[in-house]
Amino acid sequence: PGHHFLQIPGPSAVPERILAAIGKQTIDHRGPDFAEVGAAALAGMKEIFQTKSHVFIYPSSGTGAWEAALVNTLSPGDKILTYETGHFAMLWRKLAKRIGLDPEVIESDWRGGADPQRIEDRLRSDRNHEIKAVCVVHNETSTGSVTHIAEIRQAIDAVGHPALLMVDTISGLASLDFQFDEWGVDVCVAGSQKGLMLPPGLSFNAVSAKALEVNKYAGLQRSYWDWAEMIGPNESGFFPYTPATNLLYGLLEAIKMLQEEGLSNVFARHQRHGEAARLAVRAMGLEVLCAQQGSESGVLTAVLMPEGHSADAFRATALKEFNISLGNGLSKVADRVFRIGHLGDFNDLMLVGTLSGVEMALAKAGIPHEAGGVQAAMDYLVAT
Ligand code: PLP
């Protein structure tokens, strides 16, 4: 009885309003009524990305938009610079290698965002401008660390390097402030199943004028992902192939919900819940994985298990005893970390319920911890 707590850092729980919108009858995607849906979705997403430039929408998971970002702008053998903020940064790098790029990686310890100074230093030594793109993850979902994108742009500009700035904000968009134009991003990658509160199945590229120009000469093979094929039909609200019509209905409802709340309020809500979650975790005597002050995520909190205890066994206890799904540790931190998602359609009581589930499951699983974590979060929520 009662509802399941889906507290992984995406997919996030889908609000009833969006489910109802998705449940409407599918229409002819080449007919006159569809044009309004397509045009509104494309225009609405520009607001969410905070851009006047172009947004592309794909019927795919986020990985598709990762691939689209690269194949639309780069040529076989091109060098790109990536930064090891965590699992997803490394997966994007792996994808780049598999499609014939030459990705270099700045290694790191998974405990913070990308360091702009290290990127600046590497670009400064690239005198022949062999590096064609700098690829960073805005909100690293495997660690709960944020990269400050405006600072990465400043690092690129400080050395006058022409590389494109590509940003994965799959788990950041519509939860954390993301200013595509203001921050000088060239290509952005996003997905439907996190801050946008939709089921998985839509992905996005926001694309600068510079990246659209580069697209004309980029030599990697592409067909399904080709921006050049999309941009014409998009002008009148259409797509070159069958779009995910019902997810687009849902997207329109999501955009409406975000507009009703106001984007700045959405961002503040996530920050506040992130702060409350970290206060709770620390009061429980546990360690937050992100160790870089000012880079902690408002989307999720990754928690280090005390030595000798299995995070996965703990998560299994939480699910069995309290019907709550917590995120697992990925690759390097598998079984060492669990992740608390606090994103999307979420409020104070849902956070308190979530943290209560964590605290009770710690007790049930016999994990050493302090009492009072939930109380610390409640005190903060009451006071702010
Ligand atoms: N990048 C980030 C930051 C993610 O969180 C995810 C998925 O969680 C991906 C990329 C991959 O997206 P998808 O699983 O939708 O293909």
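Numbering of ligands and ligand atoms starts at 1, following listing order. Just so it is clear, the values below take in all heavy atoms, side chains as well, and ignore hydrogens, waters and symmetry mates.
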| message | For E182, is there an ion pair with R153 - N to carboxylate O distance below 4.0 angstrom? | response | no
| Hey, is E67 close enough to R98 for a salt bridge, meaning N to O under 4.0 Å? | no
| Hey, is E140 touching ligand 1 through its side chain, its backbone, both or neither, going by heavy atoms under 4.0 Å? | neither
| remark: With H138 as partner, the option from T169, D168, T85 fulfilling side-chain hydrogen bond (donor to acceptor under 3.5 Å, both in side chains) is T169
| remark: Filtering Q193, H138, K194 for the heavy atom nearest atom 14 (O) of ligand 1 leaves Q193
| field | Name of the residue among N205, L220, V71 meeting side-chain contact (heavy atoms from CB on, under 4.5 Å) with W225 | value | V71
| field | Heavy atom of W66, distance to ligand 1 below 4.0 Å | value | yes
| task | Please determine, by modelled atom types, if T384 and R272 share a side-chain donor-acceptor pair under 3.5 angstrom. | result | yes
| note | closest protein heavy atom to atom 11 (C) of ligand 1 is T63 OG1, 3.8 Å
| task | Please report which non-hydrogen protein atom sits nearest to atom 9 (C) of ligand 1, along with the residue it belongs to and the distance in Å to one decimal place. | result | F88 CD2, 3.5 Å
| query | In terms of residue, atom name and distance, what is the protein heavy atom nearest to atom 3 (C) of ligand 1? | reply | T141 OG1, 3.1 Å
| Numbering the atoms of ligand 1 from 1, which are under 4.0 Å from a heavy atom of S61? | 13 (P), 15 (O), 16 (O)
| Is any NZ, NE, NH1 or NH2 atom of the basic residue among K210 and E213 found under 4.0 Å from an Asp or Glu carboxylate oxygen of the other? | no
| request: Among all protein heavy atoms, pick out the one at the shortest distance from atom 1 (N) of ligand 1; state its residue, atom name and that distance to 0.1 Å. | output: D168 OD2, 2.6 Å
| said: I'd like to know if N139 contacts ligand 1, where contact means a heavy-atom distance under 4.0 Å to any ligand atom. | reply: yes
| query | Does D312 come within less than 4.0 Å of R315, counting only side-chain N to carboxylate O? | reply | yes
| message | Does ligand 1 come near enough to I170 that some N or O of the ligand is less than 3.5 Å from an N or O of the residue? | response | no
| field | Carboxylate-amine/guanidinium proximity below 4.0 Å for R17 and E260 | value | yes
| Distance-only N or O hit between ligand 1 and S171, under 3.5 Å | no
